[in-house]
Each structure stands twice: as structure tokens, then as C-alpha cells.
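In what follows, a single structure is set out as C-alpha cells and then discussed.
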Amino acid sequence: MAAAAPPPPPTAAPEPNMVPPLTSPIGHPIFSRIRLATPSDVPFIHKLIHQMAVFERLTHLFSATESGLTSTLFTSRPFQSFTVFLLEVSRSPFPTTITSPSPDFTPFLKTHNLDLPIEDPESYNFSPDMLNDVVVAGFVLFFPNYSSFLSKPGFYIEDIFVREPYRRKGFGSMLLTAVAKQAVKMGYGRVEWVVLDWNVNAIKFYEQMGAQILQEWRVCRLTGDALEAFDQVNI
């Protein structure tokens, strides 16, 4: 009787693939968009301004209302008067085609690969559409001013704010860059804003962005009763 054939040699186990496929996201991707705000965004803008007042310890000066913002913020074309850029984030990509309220501005889109997911316990208060996961994360409010020394207009940033869960991830830089790029596009001479002297993190951030901190200047302000008193002053 013929001897039985020896068993086939064992098949080598496949080596594990340690490199993720190119289509796999790295870390925790989040998608952001900077777009022009519209009157329908006023409830979010109002909440953002209040959160900013809390952060800056200035709630005693906060008296803004949604109706007041609606009646004053959107009375002119964008960039001709008060303009608001809104920062939105999502776990899904934003559409690349969107109708902008101004032909002079195209929304900025960016993908961020984060090491950890963002936990936002207030996301439900900042969601324009409960059917998707888009969340408002910050804003910048600015308007034109003028430099007689340069004989050029510029932009003055009244407010720039990123909500706490989204800080230190590059979103503030995006907002400031969006305003600066628009100033360059329009041939403006400079962008200016103020910063609280105790906010050393913001001061360092602005310096890293290339801004000069003008120590020799002071903010002068007339408001409230001091301003109203001028109604009775004869010129």
C-alpha cells in the first residue's frame, strides 16, 4: 500500500496591516465653515455676546437684546457697515456650494484633525438645524473705519469670540484671518481691535498673529448719562 502523502505545509499567517488605508480619517476630524451671518442668526449672536460678556467679566455692561441686534446689525450690505462672520463646526463636511449674502465673500471651509473629540454640552443651544450636527462655535463682528494717516479705510473688530469647547484649536486664528483677508481684498490699510490688559493669552495670540500691541494708546468712551448730557449742551 502506498504511503500517505505528507500534509501540506502550514500557510503563513498574513502580517497585520499596521498602516490605515488612505481613506481613513486621522484622529477625530471636525469640519468648519466661516460664513456671513444673516438676521436668522441673531439668537445665536445674542447668546455668543452674552457668553463673551461673562468671560470678560463685563455682564454689568450687557444690555443687548435680540430685537436690538436685528434692527441695527443688518441695515446695510456686508462690509459697508456692521458685518458678522459666523464660525460653524460639524462632524460632516459642509457643502462646497452655498449661496452667500454678498458676491464679495465666499465662505471659508477647513478640515481639522483633532487628537480628541470635542465635548460641547451646550451644542443644542447653538444648533441652527436640529436635523443635522452643525453647531455655532464663534463669531467676529467688525465694521469699516478710516485712517487719515494712511488715507485708507480699514476694519475695526468690535468683538471676536470662540466658545470655550472650541478654543486652542485654531478657530480664533481662522476668524481673525478671514477679516484680515477681506481687508486686503478690498484694499484696506489696516485692521484694529482692543484687548483687555489681563487677558495675557489673547495678547500672546494676537502678537503671534503679527499684531502690534499699542501700549501708548488709551480707549476713550462716552456712553450712558455722560453721552446723553450732551443733548442739552449748546455749541
Distance, nearest 0.5 Å, that separates [atom1] of [X] from [atom2] of [Y]:
| X | Y | atom1 | atom2 | answer |
| --- | --- | --- | --- | --- |
| Phe142 | Asp159 | CZ | CG | 12.0 Å |
| Lys169 | Ser32 | NZ | OG | 13.0 Å |
| Ser127 | Asn125 | OG | CG | 10.0 Å |
| Thr59 | His50 | OG1 | NE2 | 6.5 Å |

Give the minimum heavy-atom separation between [X] and [Y], together with the two atoms involved.
| X | Y | answer |
| --- | --- | --- |
| Gly138 | Leu175 | C-CD1, 4.3 Å |
| Asn113 | Pro29 | OD1-CB, 3.6 Å |
| Arg167 | Val162 | NE-O, 2.8 Å |
| Gly172 | Ile160 | O-CD1, 4.1 Å |
| Ala37 | Ile45 | CB-CD1, 4.0 Å |

Tyr166: what forms a side chain to side chain donor-acceptor pair (under 3.5 Å) with it, not counting sequence neighbours? Asp120
Could you work out, with side chain to side chain donor-acceptor pair (under 3.5 Å) as the rule, every residue matching Ser148, not counting sequence neighbours? none
Do [X] and [Y] have side chains that get closer than 4.5 Å, going by heavy atoms?
| X | Y | result |
| --- | --- | --- |
| Leu196 | Arg57 | no |
| Pro144 | Tyr156 | no |
| Ile49 | Phe139 | yes |
| Glu122 | Lys47 | no |
| Lys110 | Met174 | yes |
| Ile34 | Val140 | no |

Mind checking side-chain contact (heavy atoms from CB on, under 4.5 Å) for Ser173 and listing every partner two or more places apart, or none if nothing turns up? Thr177, Phe205, Met209
Taking transitive links into account, so neighbours of neighbours count too, which hydrophobic residues share a cluster with [X] at under 4.5 Å side-chain distance?
| X | value |
| --- | --- |
| Leu150 | none |
| Leu58 | Leu61 |
| Leu214 | Trp217 |
| Val233 | Leu222, Leu227, Phe230 |

Single-linkage hydrophobic cluster [X]~[Y], side-chain heavy atoms < 4.5 angstrom:
| X | Y | value |
| --- | --- | --- |
| Leu141 | Met186 | yes |
| Phe161 | Val195 | yes |
| Ile157 | Leu48 | yes |
| Phe31 | Phe126 | no |
| Leu109 | Phe105 | no |

Please walk me through it: do Val54 and Phe62 pass side-chain contact (heavy atoms from CB on, under 4.5 Å)? CA-CA 9 Å; Val54 172; Phe62 178 81; over 6 Å; no
Donor-acceptor contact below 3.5 Å, side chain Arg218 vs main chain Gln215: yes
Output yes when a side-chain donor or acceptor of His46 lies under 3.5 Å from a complementary backbone atom of Ala64, and no otherwise. yes
Contacts of type ring pair (Phe, Tyr, Trp, His ring centres under 6.0 Å), residue Tyr188, not counting sequence neighbours: Phe155
Under the ring pair (Phe, Tyr, Trp, His ring centres under 6.0 Å) rule, collect the residues that match up with Tyr206, sequence neighbours excluded. Trp193
The residue among Pro128, Pro43, Ser123 that forms side-chain contact (heavy atoms from CB on, under 4.5 Å) with Val136 is Pro128
Does anything in residues 225-234 pair up under side-chain hydrogen bond (donor to acceptor under 3.5 Å, both in side chains), and if so which pairs, sequence neighbours excluded? none
Steps toward side-chain contact (heavy atoms from CB on, under 4.5 Å) verdict (Phe171, Arg163): CA-CA 10 Å; Phe171 296 121; Arg163 293 175 50 229; over 6 Å; no
Tell me which pairs pass salt bridge (Lys or Arg N to Asp or Glu O under 4.0 Å) where either residue lies in residues 170-198, with sequence neighbours left out. Arg190-Glu192
Can you give each donor-acceptor pair under 3.5 Å made by side-chain atoms of residues 72-98, sequence neighbours left out, with the distance rounded to 0.1 Å?
residue	atom	partner	partner atom	Å
Thr72	OG1	Gly68	O	2.7
Thr83	OG1	Phe79	N	2.7
Thr83	OG1	Ser81	O	3.3
Glu88	OE1	Arg33	NE	3.0
Glu88	OE1	Arg33	NH2	2.7
Glu88	OE1	Arg35	NE	3.1
Glu88	OE2	Arg35	NE	3.1
Glu88	OE2	Arg35	NH2	2.9
Ser90	OG	Ser92	N	3.0
Ser90	OG	Ser92	O	3.1
Ser90	OG	Asp133	OD1	2.6
Arg91	NE	Asp133	OD2	3.1

